[in-house]
Engineer: 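Below is one structure. I have some questions about it.
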Amino acid sequence: MTASEPTASGAKTQEASPDGGSEDETIVAVENGVVINASGYKDQLRRQYSLLGLAGIAVTVDNAWVALGSSIQISILSGGPPGIIFGLIVALFYYTFIGLSLAEMASSVPTAGGVYHWATIAAGPKWGRVVGFFTGWINFYGWMFDLAALTQITANIAINMYVVYHQDTYVFEPWQVYVAYLLVLWLSTALIIFANKVIPHTQSLGMFFVIVGGIVTIIALAAMPRTHASNQFVWNSFDEYNLTGWPAGVAFLTGPVLNGAFTIGTPDAITHMSEELPHPKKDLPKAIALQIGLGFLYAFIFGIALCYAITDQSALDLGVNTYPLASIYAQATARSDGSQNTGATFGLLFIILWSSWLCVIGTVLTNSRIYWALARDNAVPLSSLFAKVNEKLSCPVPATLFVAVIATGLGAIPIGSPTAFVDLTGSFIILTTTSYAIPFLANVLTHRKHFPKGPFHLGKYGTSINITAVLLITLFNTFYCFPFAIPTTVETMNYNSVILVGTVALTLIWWVAHATRHYPGPKVMSLYIFEEHGGVSHGVEVAPPPLEGDDGKEKQG
């Protein structure tokens with residue numbers, strides 16, 4: 001279909017850019033003179049992110065080596081250093097299939113809704129509305145819990161930087177972490193709302209701290225310790241440090257692999273920035289590959305250096321308001337006489353503080369775009385409010401404030417119940433991967449016929465890659481729901497399955513109370529979902545774009 005060919009509704013698709021050059025990736029249709037993007041709406045946000053800026057967000061939100069070190073206590077007692085290192089390798093294998101599947105969908109339909117819109121499209125005209133609705137909410141819950149976890153980590157780093165110089169006089173209180181949590185969260189929110197133009201630069205700065213700071217940290221951990229851990233401790237101590245009570249295989253899957261997933265498990269973050277990119281179809285797959293590949297490489301090398309720097313495992317005490325990495329840094333940078341090198345310890349924590357804070361900024365950005373995308377389609381309470389965009393600030397201000405308010409409440413949980421907070425934030429991987437599996441599976445069941453071919457396409461391997469991703473998600477999520485240790489107590493019980501069921505139940509209640517009567521489904525339904533004989537779902541008449549199946553031949557849906 002050419003740019004001048006009208007559709008049944010008077011709209012016309014736009015294949016070429018206005019100047020007659022190459023295809024404009026931001027335009028899907030022009031309806032009544034209004035340019036429509038892939039989400040079915042006109043652009044309201046500035047498309048200000050280049051590939052470098054997008055890569056900055058990808059690498060900064062992933063923050064892989066920092067995430068590995070900050071969550072080390074999850075896997076150190078489930079197999080020691082070998083668990084950390086080999087769990088990360090398994091997570092890379094696992095997320096490669098997820099990343100390929102997400103990249104294909106992002107290249108085909110780049111919208112701020114991400115998996116929410118893709119599940120709607122993939123499920124087809126009959127099931128798209130309900131499947132997309134549940135996917136969007138599950139994805140949002142997952143990212144909210146991740147935001148709380150990342151902000152808590154950043155707050156703990158800030159507290160530990162103070163402790164470095166006040167060890168003899170400092171008395172810890174949980175409320176201190178919460179105060180730091182609020183400062184980090186609301187400063188990030190203020191920057192996103194009032195300084196949107198500088199956000200791409202903050203994420204480029206974040207990439208600098210992740211890449212250059214990572215190199216500095218790895219060199220320091222390798223060169224500064226007076227003594228290093230033994231090869232046996234780093235590579236062959238799994239059974240010795242498996243304190244879970246589970247057999248080795250189960251312990252590995254419930255702890256180290258989960259830690260590896262938490263390290264590199266953010267591949268959909270940048271997809272929610274689709275409507276702020278001038279070349280989303282081409283740049284998103286590149287950035288997803290960079291996020292997973294570079295994140296793994298840095299985390300893997302950092303993990304090895306970190307494990308060799310551990311000389312006293314008693315520093316790795318469990319607890320939500322502790323930060324064991326600070327103790328490992330203190331061990332690694334100690335002087336030859338055994339005294340602490342406070343300057344070196346502070347400097348390494350300073351690198352992580354900046355990396356983590358800039359990661360929080362990117363995560364608030366991601367969450368606000370997810371909620372805004374849901375609000376535009378009347379999928380949330382007070383949708384008309386949260387769908388608003390301040391075009392001067394290029395920011396959905398109400399949605400951004402809502403995300404910050406919810407995160408404020410989540411951050412208070414550790415004061416009363418650290419266990420509940422760990423359970424909530426730990427569910428991030430299960431919730432987000434579940435939201436990935438739904439569109440992958442729906443795409444396979446509908447024979448991958450609803451997505452137009454983008455610049456990145458899996459071709460004849462698409463079905464097998466989608467199926468493999470779903471099977472791996474199902475396998476690992478099942479193990480992630482196992483109790484952390486046996487025999488199981490209230491403290492060691494794993495509530496991930498309860499949280500997943502709870503989020504689905506809350507979404508079901510909202511579906512019955514609101515969506516069945518007031519949720520029409522996202523506008524992408526009229527752009528991409530077509531009945532077999534030329535009709536369009538929900539009575540919207542927009543001519544279908546050409547679709548391309550796995551065999552490379554064009555099809556009409």
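This one's a predicted model, so the numbers in the text were calculated from it and none came from an experiment. Sequence positions, counted from 1, serve as the residue numbers for this chain.
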Engineer: Going by atom types alone, do Y308 and N231 pair a side-chain donor with an acceptor below 3.5 Å?
Structural biologist: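 Yes.
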Engineer: Just so I know, are the side chains of Y170 and Q176 near enough to count as touching, which here means a heavy-atom distance under 4.5 Å?
Structural biologist: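 In short, these two side chains touch, coming nearer than 4.5 Å.
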Engineer: How about Y371 and T400: do any of their side-chain heavy atoms sit closer than 4.5 Å?
Structural biologist: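 Y371 does not reach T400 side chain to side chain.
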Engineer: Would you find a donor on one side and an acceptor on the other, under 3.5 Å apart, between the side chain of N156 and the backbone of Q152?
Structural biologist: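 Judged by distance alone, yes, a pair lies under 3.5 Å.
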Engineer: Under 30°, 30 to 60°, or over 60°: which ring-plane class applies to W137 and Y141, parallel, tilted or perpendicular?
Structural biologist: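 Judged by the thresholds at 30° and 60°, the geometry between W137 and Y141 is tilted.
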Engineer: Distance-only, no hydrogens or angles: does the T432 side chain make a donor-acceptor pair with backbone N or O of I429 under 3.5 Å?
Structural biologist: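 Yes, because the side chain of T432 sits within donor-acceptor range (under 3.5 Å) of the backbone of I429.
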Engineer: Run the numbers on I157 and F350 for side chain to side chain contact (heavy atoms under 4.5 Å, CB included), then give the verdict.
Structural biologist: CA-CA 8 Å; I157 296 168; F350 179 81; over 6 Å; no
Engineer: Are any non-hydrogen side-chain atoms of D146 and F262 less than 4.5 angstrom apart?
Structural biologist: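 Contact flag for D146/F262 side chains = yes.
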Engineer: How many angstroms lie between CD1 in I153 and CG in L353, if you round to the nearest 0.5 Å?
Structural biologist: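 Nearest 0.5 Å value for the CD1-CG distance: 12.5 Å.
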Engineer: Considering all heavy atoms of both residues, which atom of P439 and which atom of S435 are nearest to each other, and what is their separation?
Structural biologist: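 P439 and S435 have their closest heavy atoms at CD-O, 2.9 Å.
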Engineer: Closest approach of I351 and G213, non-hydrogen atoms and distance?
Structural biologist: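 Nearest pair, atom of I351 first, then G213: CG2-CA, 3.7 Å.
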Engineer: Tell me the closest heavy-atom pair linking L284 and S274, and the distance in Å.
Structural biologist: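 Heavy-atom minimum between the residues: CD1-OG, 3.3 Å.
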Engineer: Is it true that E275 and R369 make a salt bridge, defined as a side-chain N closer than 4.0 Å to a carboxylate O?
Structural biologist: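 Not counted as a salt bridge, because no side-chain N and carboxylate O are separated by less than 4.0 Å.
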Engineer: How long is the gap from CE on M161 to CG on L349, to the nearest 0.5 Å?
Structural biologist: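 The CE atom of M161 sits 6.5 Å away from the CG atom of L349.
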Engineer: Among F145, W143, F140, which residue satisfies the ring pair (Phe, Tyr, Trp, His ring centres under 6.0 Å) criterion with F428?
Structural biologist: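 Single pass found, and it is W143.
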Engineer: Which pairs count as ring-ring contact (aromatic ring centres under 6.0 Å, His included) when at least one residue sits in residues 206-230, sequence neighbours excluded?
Structural biologist: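 For residues 206-230: F209-W354.
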Engineer: Can you see whether Q48 engages N196 through a side-chain donor-acceptor pair at a distance of less than 3.5 angstrom?
Structural biologist: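 N196 and Q48 do have a side-chain donor-acceptor pair below 3.5 Å.
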Engineer: Rounded to the nearest 0.5 Å, what's the gap from CD on Q291 to CG on N63? Could you check?
Structural biologist: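 Result: 10.5 Å between the selected atoms.
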Engineer: Start with the C-alpha gap between I199 and T202, add the side-chain angles, then the distance that decides, and say whether side chain to side chain contact (heavy atoms under 4.5 Å, CB included) holds.
Structural biologist: CA-CA 5 Å; I199 297 301; T202 69; 4.0 Å; yes
Engineer: I want to check something: taking the side chain as every heavy atom from C-beta on, are L45 and W372 in contact at a cut-off of under 4.5 Å?
Structural biologist: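 Yes. Closest side-chain heavy atoms under 4.5 Å.
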Engineer: Does A58 offer a backbone N or O that forms a donor-acceptor pair with the side chain of D62 under 3.5 Å?
Structural biologist: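 Answer holds: no.
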Engineer: Report the C-alpha separation of N496 and S427 in whole Å, then their side-chain angles, then the decisive distance to 0.1 Å, and conclude whether the side-chain hydrogen bond (donor to acceptor under 3.5 Å, both in side chains) test is met.
Structural biologist: CA-CA 5 Å; N496 277 336; S427 67; 4.7 Å; no
Engineer: Got a donor-acceptor contact below 3.5 angstrom from the T60 side chain to the Q203 backbone?
Structural biologist: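 Side chain of T60 to backbone of Q203: a pair is present.
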Engineer: Using modelled atom types only, decide if a donor and an acceptor are shared between the side chain of Y480 and the backbone of S497 within a distance under 3.5 Å.
Structural biologist: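 Judged by distance alone, no pair lies under 3.5 Å.
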Engineer: Can N341 and T333 be counted as having a side-chain donor-acceptor contact under 3.5 angstrom?
Structural biologist: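 No pair is found: no donor N or O on one side chain lies under 3.5 Å from an acceptor on the other.
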Engineer: Test side chain to side chain contact (heavy atoms under 4.5 Å, CB included) on T363 and C359; report intermediate values, then the result.
Structural biologist: CA-CA 6 Å; T363 309; C359 175; 4.0 Å; yes
Engineer: Taking side chain as C-beta onward, heavy atoms only, is I361 less than 4.5 Å from L358?
Structural biologist: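 Yes - at least one pair of side-chain heavy atoms lies under 4.5 Å apart.
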Engineer: Taking atom CG as the centre, does D168 end up with more than 12 heavy-atom neighbours from other residues, nucleotides or ligands that are less than 6.0 angstrom away?
Structural biologist: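 Not more than 12 within 6.0 Å, no.
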Engineer: Which is it for V184 and L187 under the side chain to side chain contact (heavy atoms under 4.5 Å, CB included) test, yes or no, and what are the steps along the way?
Structural biologist: CA-CA 5 Å; V184 170; L187 181 56; over 6 Å; no
Engineer: With a 3.5 Å distance limit and no angle check, can you tell me whether S339 reaches the backbone of R335 through a side-chain donor-acceptor pair?
Structural biologist: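 Flag not set: sc S339 to bb R335 has no pair under 3.5 Å.
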Engineer: Can N477 and T433 be counted as having a side-chain donor-acceptor contact under 3.5 angstrom?
Structural biologist: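 Distance-only check passes for N477 and T433.
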Engineer: Of all the heavy-atom pairs spanning M144 and V403, show the shortest one and how long it is.
Structural biologist: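 Scanning both residues completely, I find the closest heavy atoms to be CE-O, 3.5 Å.
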Engineer: Counting only N and O atoms by type, is there a donor-acceptor contact under 3.5 Å from the side chain of Q340 to the main-chain atoms of A334?
Structural biologist: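 No.
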Engineer: Just how far is it from atom OG of S78 to atom CG of N259, taken to the nearest 0.5 Å?
Structural biologist: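 The CG atom of N259 is 9.0 Å from OG of S78, to the nearest 0.5 Å.
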Engineer: Whether the Y436 and D268 side chains hold a donor-acceptor pair (N or O, under 3.5 Å, no angle test) is what I'd like checked.
Structural biologist: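 There is such a pair (donor and acceptor under 3.5 Å, judged by atom type) between the side chains of Y436 and D268.
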Engineer: Tell me if the aromatic rings of F300 and W65 count as close, with their centers under 6.0 Å from one another.
Structural biologist: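 They do not qualify: ring centres at least 6.0 Å apart.
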Engineer: What I'd like to find out is whether the side chain of M273 reaches to under 4.5 Å of the side chain of V61, using heavy atoms alone.
Structural biologist: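 Counting from C-beta outward, M273 and V61 never come under 4.5 Å.
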Engineer: Working to the nearest 0.5 angstrom, can you tell me the gap between L475 CG and T478 OG1?
Structural biologist: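 Here the interatomic distance stands at 6.5 Å.
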Engineer: If you define the side chain from C-beta out and look only at heavy atoms, does anything of L258 sit under 4.5 Å from T254?
Structural biologist: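 No, their side chains stay 4.5 Å or more apart.
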Engineer: Taking the side chain as every heavy atom from C-beta outward, state whether L294 and I211 have any pair of such atoms under 4.5 Å apart.
Structural biologist: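 Counting from C-beta outward, L294 and I211 do come under 4.5 Å.
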Engineer: For a quick check under 3.5 Å, do T271 and W118 share a side-chain donor-acceptor pair by atom type?
Structural biologist: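 No - no donor-acceptor pair under 3.5 Å links their side chains.
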Engineer: Taking S237 for the side chain and E240 for the main chain, is one N or O donor matched with an acceptor at less than 3.5 Å?
Structural biologist: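 Answer holds: no.
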Engineer: Step through it carefully: locate the ring centre of F482, locate the ring centre of W246, and say whether they are under 6.0 Å apart.
Structural biologist: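 Yes, ring centres under 6.0 Å apart.
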Engineer: Can a donor-acceptor pair be found, under 3.5 Å and without considering hydrogens, that links the side chain of N242 to the backbone of T244?
Structural biologist: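 At least one qualifying donor-acceptor pair exists.
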Engineer: If you take all heavy atoms of L277 and P280, which pair is closest and at what distance?
Structural biologist: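 Taking L277 first and P280 second, the nearest heavy atoms are O-CD, 3.4 Å.
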Engineer: Do S107 side-chain atoms and E104 backbone N/O form a donor-acceptor pair below 3.5 Å?
Structural biologist: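 Here the side-chain-to-backbone pair does not exist.
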Engineer: Using every non-hydrogen atom in the two residues, find where A299 and T263 come nearest and quote the distance to one decimal.
Structural biologist: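 Residues A299 and T263, closest heavy atoms: CB-CG2, 3.7 Å.
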Engineer: Verify the ring-centre separation between F476 and F479: is it less than 6.0 angstrom?
Structural biologist: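 Centroid distance F479-F476: not below 6.0 Å, so no.
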Engineer: Anything under 3.5 Å between a donor and an acceptor, one on a side chain of residues 82-98, the other on a protein residue two or more places apart or in another chain? List them.
Structural biologist:
from: T96; atom 1: OG1; to: L92; atom 2: O; distance (Å): 2.7

Engineer: OG of S356 to CG of L150: how many Å apart, nearest 0.5 Å?
Structural biologist: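 Here the rounded value is 7.5 Å.
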